[in-house]
**Student:** 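I have a structure here, written as C-alpha cells, and I will follow up with some questions on it.
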Amino acid sequence: MQIIRDLAALHPAIAALRAKGRAGHEQMALVPTMGALHAGHMALVAEGRRRASQVVATIFVNPLQFGANEDLDRYPRREAEDLAMLDEAGCDLVWLPTADQLYPPGFATNITIAGISELWDGAARPGHFDGVATVVAKLLIATLPDVALFGEKDYQQLAVIRRLVADLGLPIEVAGVAIVRDADGLALSSRNMYLSSDERGRAVALPQALNAARDAIRAGTPVEDALGAARDTLAAAGFTDIDYVALVDAASLEPLATLSGEARLAAAAKLGKTRLIDNIAV
Ligand code: PAF
C-alpha cells in the first residue's frame, strides 16, 4: 500500500494506479475517512474492492466540519493502527493530506448545500455540512475516483454528498454502504471510543429505541406516539440533549407524519459528553 502525504506526489501516484485497471471493474474507488478506523470503514474498503480494481482511502480530520465547542481536539488519532488496517483490507493507496495542503493561506471557499443540509444534524450542528461538503469536494476533485463510498450511518451526510456531486456535475458515482453494528446492535462509530463502559452498556438503547419505533409504526401505531416512546426509552437510558427522533422520507429527509414510501427512522442524542447518531430503514 502506498502512503502519500505530499500533494505533489498524489497525482502521479493516482495516474499510475489508474493504469492498472482490472477487466470488468471500474478503475478506482475512493473511501474518504477521518481515521480512527473500525469495521464500518473496512466494509467501505471491501465494497470498493468489489467495485473497482484500485482502492484509495484518505485520512484527514477535517477542522471545517467541527463546531467551536465540539471534539476536534480530542477526536481519536491512531495513524499507525489505521494504516495497518487499510493495508490488511487491501487498500492500494492512502492519502493523508495536511490542513495546509487542503486549506492553504487565503483559502476562502465554502460550499453550502441548501435544504437537505439544513435539517436534523445541520440544524443541531450549524456549519457542519458546509465543512463536510467543502472537504469532500476537494477530496473528490483531487483524486477523481469512479465511485466514492460513504457509510449509511451518516445517512444525512450521504444525502448531502449525493446532492453536491449531482449539483457540481462531478462524473463520480456516490455509493452508500450499510451500517455495521456491534453484536448488541450499536452502530460502529469512531466516537464510541469516548464511551465509558457504563455508557457503552446503555448506548444500546439507541438502536433498541429505533427498532421498537419501526415495529410500532409498521404495526399501525401513530408515528408521533412511536417517536415519543423512543424519546422516553432514550431518556430512561440516560441520554440527554435529544436533538431529534424522527421519521423521514429516505430521499428528501423531510419529516413524515405518517408512513409513506421509503422512510428512515433517525435519532441523535448525547450520552454523557458523546453525541451518538443512528438510523434504520422502515
Ligand atoms: O464521514 C466522515 O468520516 C467524514 O465526514 C468525511 C466524509 C471523511 C469528511 O471529512
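Just so it is clear, the values below take in all heavy atoms, side chains as well, and ignore hydrogens, waters and symmetry mates. Read the numbers this way: they start at 1 and go in the same order the structure lists the ligands and their atoms.
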**Student:** Could R125 and D121 be called an ion pair, given the rule that one side-chain N must be under 4.0 Å from one carboxylate O?
**Tutor:**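 Judged by the 4.0 Å cut-off on N to carboxylate O distance, R125 and D121 do not form a salt bridge.
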**Student:** Considering only NZ, NE, NH1 and NH2 on the basic side and carboxylate oxygens on the acidic side, decide whether D92 and K20 come within less than 4.0 Å.
**Tutor:**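 No.
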**Student:** Using distance alone, decide if ligand 1 has a nitrogen or oxygen within less than 3.5 Å of any nitrogen or oxygen in Q65.
**Tutor:**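 So ligand 1 has an N or O lying under 3.5 Å from an N or O of Q65.
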**Student:** I need the atoms of ligand 1 closer than 4.0 Å to a non-hydrogen atom of V135, numbered in the order shown.
**Tutor:**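 The atoms of ligand 1 under 4.0 Å from a heavy atom of V135 are 9 (C), 10 (O).
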**Student:** Check each heavy atom of T58 against ligand 1 and say whether those closer than 4.0 Å belong to the side chain, the backbone, both or neither.
**Tutor:**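 For T58, no heavy atom sits under 4.0 Å from ligand 1.
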**Student:** Under a 3.5 Å cutoff, is there a donor and acceptor pairing between the side chains of N62 and Y103?
**Tutor:**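 Yes.
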**Student:** Give yes or no for whether the N/O distance cutoff of 3.5 Å, strictly under, is met between Q157 and ligand 1.
**Tutor:**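 Yes - when backbone and side-chain N and O of Q157 are compared with those of ligand 1, one distance drops under 3.5 Å.
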**Student:** According to ring-ring contact (aromatic ring centres under 6.0 Å, His included), who are the partners of F60, at least two apart in sequence or on a separate chain?
**Tutor:**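 None.
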